[in-house]
Amino acid sequence: MSPSIRRLVLDVMKPQEPDILELATVVSDRPGVDGVNVALVETDREVQNLKLTIEGDDIDADALEAAIIDLGGTVHSIDQVVCGERLVDQIDTPQDN
């Protein structure tokens, strides 16, 4: 059995509609999701670029991506994954400066 996904940070592009309120509601309703933060990174006339931070006890990444695709969006990249029994935050090291 593989470790549970507890946090995903996704770079998502979607059309203007549906708005981010609907996207956040749909994503938060997916299996294993306890909470979601959707931040607008960039917008133009036709699309929006979003950063989604999703946390839960056992996030179903495939169901999450399918929900985003159903809303007309695309996952451009997975920018962070946290797995295991607890959340582990990234820490700065001297190489990061």
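The basis for the numbers below is simple: all heavy atoms, side chains too, and nothing from hydrogens, waters or symmetry mates. Please read these numbers as outputs of a predicted model, since none were measured by experiment.
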Taken in chain and number order and not counting sequence neighbours, the residues that satisfy side chain to side chain donor-acceptor pair (under 3.5 Å) with Glu65 are none
Ignoring hydrogens, what is the shortest heavy-atom contact between Val82 and Val88? Give both atom names and the distance. CG1-N, 3.5 Å
Supply the atom-to-atom distance Asp60 CG to Ser4 OG, rounded to the nearest 0.5 angstrom. 11.0 Å
Among all residues two or more places apart in sequence or in another chain, which pass the side-chain contact (heavy atoms from CB on, under 4.5 Å) test with Ala61? Ile5, Leu8
Considering the options Thr53, Val27, Val75, which one meets the side chain to side chain contact (heavy atoms under 4.5 Å, CB included) requirement together with Leu10? Val75
Tell me which one of Leu40, Val12, Val41 satisfies side chain to side chain contact (heavy atoms under 4.5 Å, CB included) with Gln48. Leu40
Tell me every residue that passes side chain to side chain donor-acceptor pair (under 3.5 Å) with Glu46, counting only those two or more places apart in sequence or in another chain. none
Residues sharing Val47's hydrophobic cluster, by side-chain heavy-atom contacts under 4.5 Å among ILVMFWY, directly or via others? Met13
Ignoring hydrogens, what is the shortest heavy-atom contact between Gly84 and Pro3? Give both atom names and the distance. N-CB, 4.0 Å
Check Ile68 against Thr74 and note the closest heavy-atom contact, atom names and distance. CG2-N, 4.0 Å
Within-4.5 Å side-chain heavy-atom neighbours: Val9 and Lys51: yes
Can you name the residues that form a side-chain contact (heavy atoms from CB on, under 4.5 Å) with Arg6, not counting sequence neighbours? Asp57, Leu87
Here the pair of heavy atoms bringing Asp96 nearest to Ile91 is OD2-O, 3.7 Å
Side-chain donor or acceptor of Asp29 paired with backbone N/O of Val26 under 3.5 Å: no
Leu50 reachable from Ile69 in the ILVMFWY side-chain graph, under 4.5 Å edges: no
Arg30 to Ala63 - nearest heavy-atom pair and separation: CD-O, 3.6 Å
Keeping the roles fixed (side chain from Gln16, backbone from Asp44), state whether a donor-acceptor pair exists under 3.5 Å. yes
Asn37 versus Ala39, closest heavy-atom pair with distance: OD1-N, 3.9 Å
Any residue meeting side-chain contact (heavy atoms from CB on, under 4.5 Å) with Pro18, in chain and number order, not counting sequence neighbours: Glu22, Leu71
Rounding to 0.5 Å, atoms OG1 (Thr25) and CG (Asp19) come to a distance of 8.5 Å
